Each structure stands twice: as structure tokens, then as C-alpha cells.
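In what follows, a structure is listed as C-alpha cells, so that the remarks can point back to it.
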Amino acid sequence: MLQAITRERKLIIPALQKKNNIQQLRRNDYFCPSCKERVILRAGDYVIPHFAHQRTSSCPERQGETKNHLHGKLQLFHWLSLQNLSPYLEHYLPEINQYPDIQLSFRKKHFAIEYQCAKIPAKEILQRSNGFYQMDIYPLWILGANRLQRIGTHMLKIDTFTSRVIHQFAPHLPTQLFYYSSQQNQLLFISDIYFTQRNRALARFTYTPLKMTQFPQLFNSTQLATASLFRNWLPLKQDIRLSNRPMYGKEKEFRIWLYEKGFHVQELPSIIFLPNKAQYRMNTPLLHWQAKFVIEFLHPLMQGRSFTIRDIYSYLGFSRLLQSPLLNTSFRNDPVWLYLQQLSQLGIISQTPNQQWVKRRPVYFFNELEKGLTGDKLVLEALLKKA
């Protein structure tokens, strides 16, 4: 940890001291602000001045921090201080027994910034976030750049840990991930995240130097241009039809299920595997649940018949949608509702005033690969025109 208190209860942050003052600081005794145990000042030519507990300590702050984490936390603290936001570094909250890396107030709201360079259990993210909410503090998770797994211009890998720190500040705003590189002093905003597979997503990447960024910019997320989304989505959609690589796990199970239904991926309607900005809330991959809905529910349904979203969830037995304190979970961020909106734009279904949906057109399967590839392109072009 970066700070401790003296016997006189004076708060000391040695990393903010001049280098020639460190030797003088070593003469004092220091104690953890939380557990009040004695802590050790560690400093050197290659070490950020910080305090460490004894190995036998049971304090939650006993766990060591990496050099990148200490550097990044200190840099973010400086960044906020220069904006006159009066941030607190490692301020202890005894009511919930937590130490946010940085705490601040802005426009009458309270925020806790957690700079996370190491992977931790998803359950811990949930517990810590909920703890801050109990104190009327909004948590902001910023990941270390070492956690980034970029695999293309607009593509990245997202593991379960990373998916739990996706933010969405309002229903109309895009989802966001925040990264910070302490070596390059650079923030990365990943916004408008569309999952393509269980652990892959398309998104917009925006790099910005820390010194050129203001705190309010964290809440001004930028959408991935619709044209860019569909342009990058088409190859993914067509790869499903063209791929002949071996399948494993859930994907193999899906192909077997499809075969038992009498279909091959080359025959699937183009209305299956459409981009869905709320896919992060689904436990089932996008291709799988949309195919299940179309093949088992929508295709057999007679034209003119009506149905509700509840009918869909009940019939298909979808798993409960992901709930997270960092995400907006209004009905407008329901993945099924968003999918029905797309099908309505394509004229397949229409919505009635009493919140029901009516099937208007039949679902067409393809008997030739080339027709399927052309259909994919036409469907995305039609949605682009409606955007």
C-alpha cells in the first residue's frame, strides 16, 4: 500500500516525497490505517516507496501489489489531483472493510476507482462493487494494460473476469471497458461491445494520453459506427457457413443439435446471428440461442399468430440473464427484446400495442451456399438502412 500513519496519526505517502526525504522517513514507525498493525517502509532505486505488512498479518491489505499496479494507481491519483478533484488514495471504508484504490467526488456523486492488474474471481468483483453501492459510491474498474487481449482492429478476447467489469452508465449509452497503461501513461476506452462468441467481441477502441483526458470523459462513451459494425460482422457471419474446421465443446454440441433438426449451417436463414449489443447478458452464445429461437419457435409458428417475450423465455428455457451492478438491466437491454426489434425492422414480425408480437412473414432457409452468403449481405444492408 502507498500510505500509512505515524504514531501521531499523520498520514504519510512516501511516493509523493522527494527522494532525499526517504531516508529521514525510515526513522519513524508506521501503522496500517485499517488494522493499526505496524508496517514496513520499502523503498529503493527500483522500487516505488510503499508500505508492507508482516507476512503473518491478517489485514485485507496484506496482499502485495505489483510494480505496475503501484505505478498506475499513483499516476491515476496524480491525474485526478491535477483536475482539482481532491481524490483520496487508499481511503479505508470501515463499514464495508474495503480500500478503494482511489476515491473522489464529482458533481455531488461519489466514485471509487479500482485499478486492477491481476485477475480476481468474478464473485469478488461483484462483492466489492456491491459494497461500494451500499455506501452510495459508484465503482469504476480500470484494468491494467496487461489484461488486454486485442486480436484485430475491432476485436478482442474477453474472459469471464473481464466481462464482469463492463460498465454501462445509462440504457441509451454503449457498454464500456477501461484500460490503463502505466508505462505509456495512456488510457484505452473500449466501447459499444458486441459479443460474437462466448469470449470474443467487436468494439470501438479509443486510445488517449492520460494528460489529455479529463475525468468526465470516462462517461462519454462513443459508439462503434453502424456501418463499421456491419462491415466487420459480415465476414464473421459468412465464416459460419464456410468454415470446415473441427468443432469442440459447446460448438460441436450445437452442430449435432442442428443436424438432428435436419439442417446444416449453410442452410441457416440470414436472420440468425445478428449483432446484439446486450449479448453480454446471455449465458448462451449468440448463434446458438438465435438459431434455437428461429428453428424451434418462429419457423413453426403460423403467420398471424402472436406471442410474447415471456413465451420465448418459457418455451426455450433460456438461462437467467446476467445481473451486474455495473450494467443497466432495463428491458431495453434485454437481448431477446433487441432481437425482436431487428426482426421487426426486417418485416418478419411486428409489434402490437399490447406488447405482443405477430409473425408476418415465413422464415426462409437456403438450399445453396451462394444464396446464403448473398442473403447475409442483404440482411445486414437492410438493417443498416433502418439504423
Side-chain angles (χ1 to χ4, degrees), residues 194-198 200-202 229-230 233-234 236-241 247 249-323 329-352 354-366 372 375-376 378-380 382-383 386:
Y194 287 81
F195 276 82
T196 62
Q197 299 176 29
R198 188 180 296 275
R200 295 195 177 201
L202 275 172
L229 170 64
F230 290 150
W233 198 269
L234 181 60
L236 299 172
K237 193 169 173 56
Q238 297 192 331
D239 180 64
I240 293 171
R241 298 190 191 278
M247 299 295 168
K250 294 292 184 181
E251 192 60 33
K252 184 177 181 179
E253 292 178 14
F254 170 72
R255 300 300 173 107
I256 294 173
W257 171 83
L258 198 60
Y259 175 79
E260 291 174 346
K261 293 292 180 180
F263 299 106
H264 187 275
V265 287
Q266 294 183 0
E267 303 171 291
L268 290 179
S270 293
I271 59 172
I272 292 174
F273 194 68
L274 298 182
N276 192 300
K277 67 178 183 179
Q279 174 59 24
Y280 59 82
R281 299 188 63 197
M282 271 288 188
N283 292 320
T284 307
L286 182 71
L287 171 65
H288 299 187
W289 73 260
Q290 289 191 358
K292 189 174 178 66
F293 165 69
V294 170
I295 292 173
E296 289 193 344
F297 189 94
L298 188 61
H299 177 53
L301 196 67
M302 293 182 60
Q303 284 182 238
R305 291 290 301 272
S306 62
F307 59 94
T308 65
I309 290 182
R310 182 175 295 182
D311 293 333
I312 299 171
Y313 277 101
S314 175
Y315 182 81
L316 298 179
F318 284 155
S319 301
R320 184 171 62 89
L321 294 179
L322 172 67
Q323 304 291 322
T329 54
S330 70
F331 79 95
R332 292 187 180 277
N333 282 318
D334 181 300
V336 175
W337 184 84
L338 290 171
Y339 186 41
L340 295 180
Q341 292 290 323
Q342 291 173 317
L343 296 181
S344 178
Q345 291 174 340
L346 295 169
I348 305 297
I349 62 176
S350 64
Q351 189 173 14
T352 66
N354 60 349
Q355 302 302 312
Q356 291 191 331
W357 300 86
V358 178
K359 182 177 178 180
R360 297 300 184 189
R361 287 169 46 190
V363 175
Y364 293 105
F365 291 75
F366 297 103
D376 293 340
L378 292 175
V379 159
L380 292 179
L383 288 174
K386 297 287 185 178

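Heavy atoms only: backbone and side chains are in, while hydrogens, waters and symmetry mates are out. Computed from a predicted model, the values in this text were never measured in an experiment.
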message: With rounding to the nearest 0.5 angstrom, report the OG to CD distance, S350 to Q356.
response: 11.0 Å

- request: Drop me the distance from Q197's CD to H288's NE2, to the nearest 0.5 angstrom.
  value: 9.0 Å

message: As a quick check of understanding, evaluate side chain to side chain contact (heavy atoms under 4.5 Å, CB included) for L346 and K386, giving each step before the final call.
response: CA-CA 9 Å; L346 295 169; K386 297 287 185 178; over 6 Å; no

- prompt: Between Q290 and I272, what is the shortest heavy-atom contact and its length?
  reply: OE1-C, 3.7 Å

- request: State, to 0.1 Å, how close P335 and N276 come at their nearest heavy-atom pair, and which atoms those are.
  value: O-ND2, 2.8 Å

query: By salt bridge (charged side-chain N to carboxylate O under 4.0 Å, His left out), which residues pair with R360, not counting sequence neighbours?
result: none

task: Determine whether Y339 and L286 make a side-chain contact, defined as any pair of heavy atoms from C-beta on separated by less than 4.5 Å.
output: no

task: Answer whether the closest heavy-atom distance between the side chains of Q341 and Q351 falls below 4.5 Å.
output: yes

task: Of all the heavy-atom pairs spanning K277 and N333, show the shortest one and how long it is.
output: CE-OD1, 4.1 Å

query: Tell me, do F293 and I312 make a side-chain contact under 4.5 Å, heavy atoms counted?
result: yes

query: Roughly how far, to the nearest 0.5 Å, is CD1 of I271 from CD1 of I348?
result: 5.0 Å

query: What closest approach, in Å, do W289 and T284 show between heavy atoms, and which atom pair accounts for it?
result: CD1-O, 3.4 Å

message: I want to check something: taking the side chain as every heavy atom from C-beta on, are L236 and Y194 in contact at a cut-off of under 4.5 Å?
response: no

message: Rounded at 0.5 Å granularity, tell me how far CD1 in I349 sits from CD in Q303.
response: 13.0 Å

field: Atom pair OG1 (T352) and CZ (F307), whose distance is rounded to the nearest 0.5 Å
entry: 10.0 Å

- request: Tell me yes or no: between the side chains of D311 and T308, is some donor less than 3.5 Å from an acceptor?
  value: yes

- prompt: Once you round to the nearest 0.5 Å, how far does CZ of F273 lie from CH2 of W233?
  reply: 4.5 Å

message: Taking the side chain as everything from C-beta on, heavy atoms only, tell me whether F366 gets closer than 4.5 Å to R241.
response: yes

task: Could you pull out the closest heavy-atom pair between F230 and L380, with the gap in Å?
output: CD1-O, 3.6 Å

statement: Sorted by chain and number, sequence neighbours left out, salt bridge (charged side-chain N to carboxylate O under 4.0 Å, His left out) with K292 holds for E296

task: Check whether any side-chain heavy atom of F365 lies under 4.5 Å from a side-chain heavy atom of I295, and answer yes or no.
output: yes

Quiz: residues 263-270 side-chain donor-acceptor pairs under 3.5 angstrom, not counting sequence neighbours:
residue, atom, partner, partner atom, Å
H264, ND1, Q266, N, 3.0
E267, OE1, H264, N, 2.7
S270, OG, G375, O, 3.3
S270, OG, D376, N, 3.0
S270, OG, D376, OD1, 2.9

task: Identify the heavy atoms of K237 and L274 that sit nearest to each other, and give their distance.
output: NZ-CD2, 4.2 Å

